[in-house]
Protein chains: 2
Amino acid sequence: MSEGDEWPTGRLLSTAARLVEHAWDDVLTGYGLTHSRLVILHLLAAGPATQRELARRSGLEEQTMGRMLRGMEEHGQVLRERDPADRRRSVVTATDEGRRALAAVVGSTSADDLLADVLGGSGHDAEEFRATLLHVVRHFSERRWPQGRGAGAAGDDPPAG
Amino acid sequence: MSEGDEWPTGRLLSTAARLVEHAWDDVLTGYGLTHSRLVILHLLAAGPATQRELARRSGLEEQTMGRMLRGMEEHGQVLRERDPADRRRSVVTATDEGRRALAAVVGSTSADDLLADVLGGSGHDAEEFRATLLHVVRHFSERRWPQGRGAGAAGDDPPAG
DNA sequence: GTACAACACTAAGCATGGTGAGCAATCGGC
DNA sequence: GCCGATTGCTCACCATGCTTAGTGTTGTAC
């Protein structure tokens, strides 16, 4: 595709995301992961969480999260157990296999490095690009789920990575 | 969602794209369009085209394009007719209704303007962001479909918008 | 003129996103 | 203790991407 100049920026964004996802997938498939499951394992690395928490922290709907966790459970990457103290809740934990997969991907040359290379080698500022994306995500998240989606948002920010 | 700092840039890209799509959808739904159909109508504004051309020019698979065109046909936004000169081909044309919808959206305050405002009002350079996205799209497109996907790519670029 | 390759499109099925509806467990006011 | 509201999750279905495997049409080599 050599087009693109005329596209709305929003469509450029979607297309870029799709293409980078494909590049990621090439890497991840070898580790039994997908683009989105990686984020879940990443969140779980900090400790067990409920589905609702995971959904909120990754910006997905709970239904979507539930389905993805079911798939991951079938693949032995996470464990879901009812919380005995509140049986509405599922407590989600990463299994050893899930942790292994995450560590393997993080330790490998990732598509993110590839992306950084693509940008850096062409006069584009990868850090600035990232900062702009983060700004867009935060702004539109706030627009979509005002004040942290009903949950306490204060103190929820992770340490800057 | 107040997270994001730790995410891989690829995931940031996907999330940003999803959020901006939602913002677009809020605008587009009122005009009977969706995010992706807008691009098709935009391409058709230059004149009729075959499904294959549309797919190539928008970076989608032909199957995806076929399904989307079927939906648009059912909604009266495009017309598909077999090319009498080559009955393998479908010639796709925008209907009056499709053109009207496109004109209405283009004439309205679009989510793209919103995006530009969000960036411009915060010290981020919207033009630079766009240029970087375009670079990413072109690089990864080339990676995915080397040399213009088998079709003649030369002279295919649109005038810069 | 007939077989074979290429082309344009369709069909079916998977993945990941969304939505609305609904169910069981829990909590709170009385 | 009971009833209604809330919470946490599931089900069912839609949209838009993808892939693999067709179907029918055209072009070409012999």
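Proteins come first, then strands; the chains are lettered A, B, ... in the order of their sequence lines, and each starts at number 1.
- Residues A/Thr15 and A/Arg18 meet the side-chain proximity criterion, which asks for heavy atoms closer than 4.5 Å.
- Taking the C1' atoms of five terminal pairs at each end of the helix from C/dG1-D/dC30 to C/dC30-D/dG1, the two resulting helix axes are inclined by 0°, rounded to 10°.
- Every residue meeting the side chain to side chain donor-acceptor pair (under 3.5 Å) condition with A/His35, not counting sequence neighbours, appears here in chain and number order: B/Ser14.
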Got a list of protein N/O to nucleotides 6-8 of chain D N/O distances below 3.5 Å?
| from | atom 1 | to | atom 2 | distance (Å) |
| --- | --- | --- | --- | --- |
| D/dT7 | O4' | A/Arg88 | NH1 | 3.2 |
| D/dT7 | O2 | A/Arg88 | NH1 | 3.4 |
| D/dG8 | OP1 | A/Arg89 | NH2 | 3.1 |
| D/dG8 | OP2 | A/Arg52 | NE | 2.6 |
| D/dG8 | O3' | A/Arg88 | O | 3.4 |

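- A/Leu69 places its CG atom 13 Å from the P atom of D/dC11, with the value rounded to the nearest Å.
- Put simply, the side chain of A/Arg37 never gets that close to the backbone of A/Gln77: no donor and acceptor are under 3.5 Å apart.
- No side-chain donor-acceptor contact under 3.5 Å links A/His42 to the backbone of A/Leu102.
- Scored by the side chain to side chain donor-acceptor pair (under 3.5 Å) test, A/Glu81 finds no partners at all (sequence neighbours excluded).
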Only pairs under 3.5 Å count here: list side-chain donor-acceptor contacts from residues 82-89 of chain A, not counting sequence neighbours, and write none if there are none.
| from | atom 1 | to | atom 2 | distance (Å) |
| --- | --- | --- | --- | --- |
| A/Arg82 | NH1 | A/Arg87 | O | 3.0 |
| A/Arg82 | NH1 | A/Arg88 | O | 2.8 |
| A/Asp83 | OD1 | A/Ala85 | N | 2.8 |
| A/Asp86 | OD1 | A/Arg88 | N | 3.2 |
| A/Asp86 | OD1 | A/Arg88 | NE | 3.0 |
| A/Asp86 | OD2 | A/Arg88 | NH2 | 2.8 |
| A/Asp86 | OD2 | A/Arg89 | NH1 | 2.7 |

Strictly under 3.5 Å: I want the nitrogen or oxygen pairs between protein and nucleotides 15-17 of chain C, one per line.
| from | atom 1 | to | atom 2 | distance (Å) |
| --- | --- | --- | --- | --- |
| C/dT16 | OP1 | A/Thr34 | OG1 | 2.9 |
| C/dG17 | OP1 | B/Arg11 | NH1 | 3.3 |
| C/dG17 | N7 | A/Arg67 | NH2 | 2.8 |
| C/dG17 | O6 | A/Arg67 | NH1 | 3.2 |

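- Separating the CD atom of B/Glu73 from the P atom of C/dC9 is a distance of 13 Å, rounded to the nearest angstrom.
- Taking side-chain N and O atoms only, B/Arg87 has no distance below 4.0 Å to OP1 or OP2 of D/dG27.
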